[in-house]
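What follows is a set of notes on a single structure, which appears directly below.
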Amino acid sequence: MKLRIVTHIALTSLLFFGAVSCTKLDEEFKSELEEGEGTNVDPAGLLITAYNSLNTPYQQDQRWVMQEVSTDAAMAPTRGGDWDDNGMHRAIHLHTWNADNGYMNNTFVNLGTVIYNATNVLQYNPSQQQAAEARFIRALAMFDMLDLFGVVSVRQGDSFDDFRIPPEVLSPEAAINFIVSELEEITNNLPQNGPSAAYVANQSAATTLLMKVLLNKGTFINRQSPTFAVEDMNRVVSLAQDITETGHYSISAEGKYFDNFAPDNDVKSTENIYTLYNKNGERGGNVDRTWNTIAHYNMNPGGWNGWCTLSDYYDKFESNDERRGIYYEYPADTTSNRKRNYHRQNVGFFAGQQYNWSTNQPLMARNPASARLSFTPEVTIRTSGATLETAGIRPMKYAFDFAVTGQRNNDWVVFRYADVILMQAEAMLRGGNGGAPEALKLVNGLREKRGVSAFPTLDLDNLLDERARELYWEGWRRQDLIRFGKFLEPWQEKQLTGDPKVLVFPIPSQQIAVNPNLTQHEGY
């Protein structure tokens, strides 16, 4: 059972304006606060607001789209007239986006809202732990904004109190220094939670985020030719060891990989370090998108028949790799697939003929209804005709929670121990203590738990592929491809070698219009 976190009424209106713009309405709002209205706000309620504001950019939306659909791991093909959206999704995959793409602005705004909400907690006399949790949330959103947009827009000091002052814009170096300093200051004031309370910011979550900052530091400063300082790599190795030594985490036992994404993953997972809270009837949001965006209309439950992966990505998996897909037994599966022991695959990559989990009969397409619903590896970024409903393999990582109506209970995974192990191995390959021999042991230990063969040797290429297998659709693929120097290479349905400008997304046009401190990146 999740610990119940009581929510309070919070001052959450005008977050968009507070994050990114200046209007007369803002001035009136701040004037009311200065007169004393709302000054008795409970910081616990504001903290919940800050936590909740991560849901939209993270849970298979906005930030997630920019990190995954821009890569070889995911594509949102236009299916006849569906999923066209004026080419917005196609542009992300093809690297033909511009500063007016809706995903750019929505993600920038919502990450800015997270930063604002977290900073707002600090204005209302929070406890030491509440302040540390808020600063962690802010650091996470700042890290994402830096990764995606190459700068961080933040209200602090005078600009937080006076909306007429535009938000400050931090350079990569300044943002990195700020985030590192914050994480170093707050870690000891965070709780030492393990996987059962991973939805509360904790010491290992802060340590994991610090690892990511140090590992990507050279990339954020020079995306075309990153460097990896030995002292940073040594620290990444040391921080990973600190997490291991807590004794809270272990790689899931063989056959239990999907425990990390189950409706009761707060109970079952041995890996989850930081998650976003979802509980039916209480709070959460967006986790249903993990199913809706990929499922065909006739599947149970029906979805929007949209997104898929590419066959080259799917082919990275060995046939016996449980991460590729299995029948996963879990209590929230109330269908006949479990009750009558049909045991059809229900998690992982859905490929080939799909089946009705109530009757165990082959599913059919919708139009024409005489066609079998069999997902094919072949897919183009524009599909039509006979392949309209069946093109593309569909990844489903979060086992569907059939036991409830409404918000599903699967907590969304942000940081996992498997990622810590892979980052540790990468830092070793990049010059950190332990070197290639220790890195190989770490990665083979992980692969053994996933039921696949050991690597004879380890280099950056097969480590990147292992990260692809382990962390698919968790929102890290673009960042990985850039760090490993692969993001500009062609792949399926993105045949042209990319322009180096796409290593960072453009500052949205709407944001430049309201913040004179923002300057567009060269080439956009």
Side-chain angles (χ1 to χ4, degrees), residues 2-58 109-142 152-168 178 182-183 185-191 193 197 199-203 205-206 274 276-285 407 514:
K2 294 184 176 74
L3 300 174
R4 180 173 178 81
I5 300 178
V6 180
T7 58
H8 301 266
I9 297 175
L11 295 180
T12 59
S13 59
L14 306 179
L15 291 178
F16 171 80
F17 302 110
V20 297
S21 68
C22 173
T23 68
K24 187 174 187 300
L25 192 58
D26 298 332
E27 295 167 22
E28 293 172 355
F29 177 60
K30 292 301 289 184
S31 176
E32 289 177 358
L33 291 182
E34 289 166 1
E35 293 170 3
E37 184 174 337
T39 55
N40 294 321
V41 174
D42 183 352
L46 295 180
L47 184 58
I48 293 298
T49 297
Y51 275 113
N52 286 348
S53 57
L54 287 166
N55 289 343
T56 296
Y58 260 90
V109 167
N110 280 293
L111 289 176
T113 298
V114 176
I115 294 169
Y116 180 84
N117 286 346
T119 305
N120 199 34
V121 176
L122 306 178
Q123 315 305 307
Y124 292 93
N125 194 30
S127 69
Q128 194 173 54
Q129 179 177 321
Q130 288 171 333
E133 291 179 47
R135 290 167 73 183
F136 167 81
I137 295 168
R138 181 173 64 181
L140 176 61
M142 292 176 74
V152 174
S153 176
V154 59
R155 287 193 175 278
Q156 54 184 346
D158 291 342
S159 71
F160 190 86
D161 294 323
D162 186 347
F163 290 169
R164 293 168 296 184
I165 302 174
E168 182 180 355
F178 182 87
E182 285 285 278
L183 294 172
E185 288 182 17
I186 68 174
T187 298
N188 289 336
N189 294 325
L190 292 168
N193 296 342
Y199 47 85
V200 177
N202 58 80
Q203 291 187 12
Y274 182 62
L276 303 185
Y277 187 92
N278 289 303
K279 186 173 182 181
N280 186 49
E282 188 169 311
R283 67 182 179 92
Q407 170 61 45
V514 297

query = Would a 4.5 Å heavy-atom cut-off, applied to side chains only, mark N117 and V121 as touching?
reply = no

d(Q156 CD, L122 CG) to nearest 0.5 Å is 11.0 Å

Using side-chain heavy atoms (C-beta onward) and a distance below 4.5 Å, is N189 in contact with Q129?
no

On a heavy-atom basis, the closest approach of L140 and Y274 is CD2-CE2, 4.0 Å

Worksheet item: Mind checking whether K279 and Y199 have side chains closer than 4.5 Å, heavy atoms only?
Response: no

Rounding to 0.5 Å, atoms CG (N120) and OG1 (T113) come to a distance of 11.5 Å

Rounding to 0.5 Å, atoms CG (L46) and CD (Q130) come to a distance of 9.5 Å

Residues A206 and T187: closest non-hydrogen pair is CB-OG1, 3.7 Å

One should read off an interatomic distance between I165 CD1 and D158 CG, to the nearest 0.5 angstrom, of 5.0 Å

Minimal heavy-atom distance between L47 and I137, with the atoms involved, is CD1-CD1, 4.2 Å

Is any side-chain heavy atom of F178 closer than 4.5 Å to one of V152? no

By side-chain hydrogen bond (donor to acceptor under 3.5 Å, both in side chains), Y51 pairs with (sequence neighbours left out) E133

On a heavy-atom basis, the closest approach of D42 and A44 is OD1-N, 2.9 Å

Heavy-atom closest pair (P191 atom, V200 atom, distance to 0.1 Å) is CG-CG1, 4.1 Å

The salt bridge (Lys or Arg N to Asp or Glu O under 4.0 Å) partners of R135 (sequence neighbours excluded) come to E182, E185

The reported gap from CD in Q407 to OH in Y277 (rounded to nearest 0.5 angstrom) is 10.5 Å

In short, P43 meets Y124 closest at the heavy-atom pair CG-O, 3.5 Å

For the residue pair T119 / R155, report whether a side-chain donor-acceptor contact shorter than 3.5 Å exists. no

